[in-house]
There are 2 protein chains.
Amino acid sequence: MGTTTLETVPEPKYWHLKTVLSDALDSEFAVGEILPNERELAARFGVARATLRQALEQLELEGRLQRRRGVGTTVAPPRVGVDVGPAQGGAQGWPGSAADVWHTEGHEDTAPPAAVARLLETAEDTPVHAVRRSRTSGGQPVATEVLYVPGASVPGLPADSGEDTETSGVARARAVLRELHRLALDGQDRSVELGSARADDARRLDRLPGAPVLVVTTRYVVDRRTAAVGVATFRADTCRLNFADTGADPVLAG
Amino acid sequence: MGTTTLETVPEPKYWHLKTVLSDALDSEFAVGEILPNERELAARFGVARATLRQALEQLELEGRLQRRRGVGTTVAPPRVGVDVGPAQGGAQGWPGSAADVWHTEGHEDTAPPAAVARLLETAEDTPVHAVRRSRTSGGQPVATEVLYVPGASVPGLPADSGEDTETSGVARARAVLRELHRLALDGQDRSVELGSARADDARRLDRLPGAPVLVVTTRYVVDRRTAAVGVATFRADTCRLNFADTGADPVLAG
DNA sequence: AAGTGGTCTAGACCACGTA
DNA sequence: ACGTGGTCTAGACCACTTT
């Protein structure tokens, strides 16, 4: 009796907490500022630490917070926009040409993952060239990529000299890219999906295993066949992927 | 002494559990099959339910599982590829033309979110047309979108007749789209980022609030200015976004 | 050594879908 | 009414970074 129309569903505590914290971040904290530690925050809001953590996890997922073990929780800067559209490659859209923002790190001969082998139309256990590249923004690693290139796509590549792998890996990777540039690229298509970082990618991205990542799979088409496949893994918490899908000229105001 | 190089870091239980479950899903379960409930799975693996849930959450994030309160946990089908590239629109790339896969649901006059207002170069509190659309795949909702159109972009639009909002909303939405089609589209650019579903979007996508979503922001450029902005929210667990970034003809083998 | 976030436990109760 | 997944608690210990 006397209760007005309050019969709304009870909002979960962590959800409400997230809203409160989000507002506080907007109004009371500056980028880079460190928050009180989890035990104190939980006490301050009168909830268990696990509940508070549920709210923090969401905010980290949305790129609002950055948490680091042994250090603390800080307010994250706005997400950085990274260009992944077709315009960013070199003259013909191949990776590694012109003012490419990627950094070539190494080369390996390895059997590609099943999904990649399917795209390349090669047998699953056939080793292909795997060129590892990485990308940073503002000193922070934002992406790591492996470009899979079947040997058949780069027939002109000289045989592996077999020198010490550490240094010659980069040279060989560059050689693979150089050979690729000789091919006339018909086009490329990309797909984006959510994934969780494998242990090795997590290390490269300075994250924990399982961290949310955006996986961009690029298929390079030459002569109506897939000549190469790139699998790039972007930190989902810090990145916004830009596609300049402009039909004609890139107008791109601002 | 005698210990070989085994000094690796102890893998977290939930991480190992995830691997075990993932392998089991590949070999012992069919798509759609329901798993034992969480309490039994936890007992079977000798871990607390919270730990098991951590593994299940990861697998759901990766699109391997689907969990529904009151029902159970089922093996998810492979992610569906949804086309969001520039080719999918009508003759000129505008939404709502030709064989558009989106379903127009309604119209509202509302002030856009701050981020959208910035793109539209309008004041934050200026109401604009908001056309709500949705998209399904295989009977399941996969995306919900709001297209924000400033009144200045569609000057030919007749005044709101003010009839009952339920039915006339769709008609008015269609009228806005029709007016848009009269404009010569210079181009469009998109960005993709990870987000978490707001309460209303979550309901539309048949998910819980906070569920991971891929947010696709599309900017429609007319005469070097932003004529409209679309904000589409895709279920991250079930969707893979396809961008046909082909420079020339879409070759798109397979 | 101290302090942080990350993992894990063993319970309890709630909201939801189905029978 | 029952069984499911979702929320929440109050602890404990671990891994990591910094002092």
Side-chain angles (χ1 to χ4, degrees), chain A residues 7-19 21 32-61 64-76 196-197 199 202-203 206-212 237, chain B residues 7-19 21 32-61 64-76 196-197 199 202-203 206-212 237:
Chain A
E7 32 254 76
T8 68
V9 283
E11 200 175 40
K13 272 189 190 178
Y14 78 91
W15 186 259
H16 180 242
L17 205 55
K18 181 193 138 183
T19 313
L21 284 168
E33 196 167 348
I34 61 177
L35 268 61
N37 70 56
E38 297 183 349
R39 289 161 180 88
E40 174 169 346
L41 277 178
R44 187 179 300 187
F45 287 107
V47 299
R49 193 177 152 220
T51 304
L52 174 85
R53 277 179 61 82
Q54 224 175 327
L56 293 184
E57 267 152 33
Q58 285 250 356
L59 289 170
E60 189 178 29
L61 191 90
R64 306 287 312 270
L65 291 179
Q66 189 153 0
R67 301 193 290 171
R68 291 204 282 174
R69 166 150 53 174
V71 181
T73 302
T74 59
V75 181
S196 47
R203 206 175 336 104
D206 191 23
R207 298 264 65 197
L208 291 175
D237 55 344
Chain B
E7 30 256 77
T8 69
V9 285
E11 200 175 39
K13 271 190 190 177
Y14 79 91
W15 187 259
H16 180 243
L17 205 57
K18 181 194 138 182
T19 313
L21 284 169
E33 196 169 346
I34 61 178
L35 268 61
N37 71 55
E38 296 183 351
R39 288 161 180 87
E40 173 167 347
L41 278 178
R44 187 179 300 185
F45 287 105
V47 299
R49 193 178 152 219
T51 303
L52 174 85
R53 278 179 61 81
Q54 225 175 327
L56 293 185
E57 267 152 33
Q58 285 250 358
L59 289 170
E60 189 180 28
L61 192 89
R64 306 288 312 270
L65 291 179
Q66 189 152 2
R67 302 192 292 170
R68 293 210 285 178
R69 166 149 56 175
V71 180
T73 302
T74 59
V75 181
S196 49
R203 208 176 333 105
D206 191 23
R207 298 262 67 195
L208 290 175
D237 56 342

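Order of the sequence lines sets the chain letters (A, B, ...), proteins ahead of strands, with each chain counted from 1. Computed from a predicted structure; not experimentally measured.
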Whole-Å gap separating [atom2] ([N]) and [atom1] ([X]):
X         : N       : atom1 : atom2 : result
Ile34(B)  : dG3(D)  : CD1   : C1'   : 11 Å
Glu38(B)  : dC13(C) : CD    : P     : 19 Å
Arg207(B) : dG6(D)  : CZ    : C1'   : 12 Å
Gln58(A)  : dG6(D)  : CD    : C1'   : 13 Å
Leu52(B)  : dG6(D)  : CG    : P     : 11 Å
Gln66(A)  : dT4(C)  : CD    : P     : 18 Å
Leu59(B)  : dG5(D)  : CG    : P     : 14 Å

Nearest heavy atoms of Pro36(B) and Arg44(B), plus distance in Å: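 Heavy atoms of Pro36(B) and Arg44(B) come nearest at CG-NH2, 3.8 Å.
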Taking the nucleotide of DNA chain C with the nearest heavy atom to each, does Gln54(B) or Arg39(B) sit closer to the 5' end?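 Comparing both residues, the 5'-ward one is Gln54(B).
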Would you indicate what Leu208(B) reaches in the nucleic acid, counting non-hydrogen atoms under 4.0 angstrom: base, sugar-phosphate, or nothing? sugar-phosphate
One pair to check against salt bridge (Lys or Arg N to Asp or Glu O under 4.0 Å): Arg64(A) and Glu60(A). What are the steps and the verdict? CA-CA 5 Å; Arg64(A) 306 287 312 270; Glu60(A) 189 178 29; over 6 Å; no
With a 4.0 Å limit, can you tell me whether Tyr14(B) has a side-chain N or O closer than that to the phosphate oxygens OP1/OP2 of dC8(C)?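 False: Tyr14(B) side-chain N/O out of range (4.0 Å or more) of dC8(C) OP1/OP2.
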What about Arg68(A): does its side chain form a donor-acceptor pair under 3.5 Å with the base of dG6(C)? no
